[in-house]
Amino acid sequence: MNTQEASFRLAAVVVAAGSGTRMGTNFPKQYALIEGKTMLEHSVSALLEEPRIEQLVIVISPSDLIGQQLKFTDPRVKIARVGGASRADSIRNGITYSGLSANDWVLTHDAARPCVKASDVAKLIDYCLKTDEGGILAVPVSDTIKQQNAAGKIGKTIPRDKLWAAQTPQCFKVGPLTKALSNTEAVVTDEASAMEASGFKPALIEGSSTNFKVTRPADLALARAVFRARAAGEDI
Ligand code: CTP
Ligand code: MG
């Protein structure tokens, strides 16, 4: 669908206002280098491959001196110094900054997922725009999942056949998402949880296991390995 002709707009909000505590570096992890570019730049480049994204808002912390100096040549990119105390606050502020209307669509993405594939982003957008339903990229869980009991031992095994690990991007219509984010009192770690709490059943669009969130030092090493493998021609 050509959004130029459509009656709605599609924008992306990339949240990069965290401090990366679990990474343990003395600078926010989104500025760690992978093959010569920051993690944030890789995340943004992958989304910019999608022509239907009209605007891309990068949310950084107001106190972030590195982010405000980054230069992006693509005119769709706006750097918004509106990061909040939680990821959900950063998302909310980014959506407000974008100026999108209730009938528009927003694609929310973690700067900490630099290995996202443009083809998976396109698949998610295709699905949401075609069905008029919100959805997220996710992958079926491949490990056997254990829930611990009060003693810290295995309380039970959760059958994994219907379990998925949620990723970003997540794609929702702005009106319902904004309402859901302002209605939820519980701590939500993704937009889909807020939509679920409002009674929606977002779609699961199968993505790629390489779109993991870079959280700890080992994840950064793996992300670097993914980019090296891609440079060597591997389709991962
Ligand atoms: N994020 C944000 N604003 C916050 C917290 C997180 O924009 N107040 C962003 C992060 O920059 C990241 C994404 O949300 O791109 C996912 O969060 P997470 O992986 O938890 O990153 P951090 O919060 O930076 O890391 P940590 O929890 O280890 O401190
Ligand atoms: Mg965090």
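Whatever order the structure lists them in is the order used to number ligands and atoms, beginning at 1.
Residue contacts with ligand 1 for Pro28 are absent, since no atom lies close enough (heavy atoms, distance under 4.0 Å). Contacts of Ser61 with ligand 1, taken as heavy-atom pairs under 4.0 Å, are absent altogether. Looking at Ser90 against ligand 1, only its side chain comes within 4.0 Å, counting heavy atoms.
For atom 15 (O) of ligand 1, the closest non-hydrogen atom of the protein is Val15 O, 2.8 Å. The protein heavy-atom contact nearest to atom 13 (C) of ligand 1 is Asp110 OD1, 3.4 Å. Shortest contact from atom 11 (O) of ligand 1 to any protein heavy atom: Gly18 N, 3.0 Å.
The shortest separation from a heavy atom of Gly83 to ligand 1 is not under 4.0 Å, leaving the residue out of contact.
Between Ala111 and ligand 1, a contact under 3.5 Å exists for at least one N or O pair. Inclusion of Met23 in the set of residues having an N or O under 3.5 Å from an N or O of ligand 1 is not warranted.
Within the 4.5 Å cutoff, no side-chain heavy atoms of Thr178 are placed close to those of Arg92.
The cluster map of Ile, Leu, Val, Met, Phe, Trp and Tyr, joined by side-chain heavy atoms under 4.5 Å apart, puts Tyr31 and Ile79 in the same cluster.
Heavy-atom proximity to Ala112, at under 4.0 Å, picks out these atoms of ligand 1: 15 (O). Close contacts between ligand 1 and Ser86 involve ligand atoms 3 (N), 4 (C), 8 (N) [criterion: under 4.0 Å to a heavy atom]. Close approach of ligand 1 to Ala85 is summarised as follows: ligand atoms under 4.0 Å from at least one heavy atom of the residue are 8 (N).
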Asp190/Ser193 under side chain to side chain donor-acceptor pair (under 3.5 Å): CA gap, chis, key distance, verdict: CA-CA 6 Å; Asp190 73 348; Ser193 322; 2.3 Å; yes
Side chain to side chain donor-acceptor pair (under 3.5 Å) between Asp89 and Ser86, worked out: CA-CA 5 Å; Asp89 289 331; Ser86 67; 3.1 Å; yes
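Ionic pairing of Lys117 and Glu49 is not present here: no N-O contact between side-chain nitrogen and carboxylate oxygen is shorter than 4.0 angstrom.
Residue Arg22 holds the heavy atom nearest to atom 27 (O) of ligand 1 of all those in His109, Lys213, Arg22.
A cation-pi geometry, defined here as NZ or CZ lying under 6.0 Å from the six-membered ring centre and within 45° of its normal, holds between Arg230 and Phe227.
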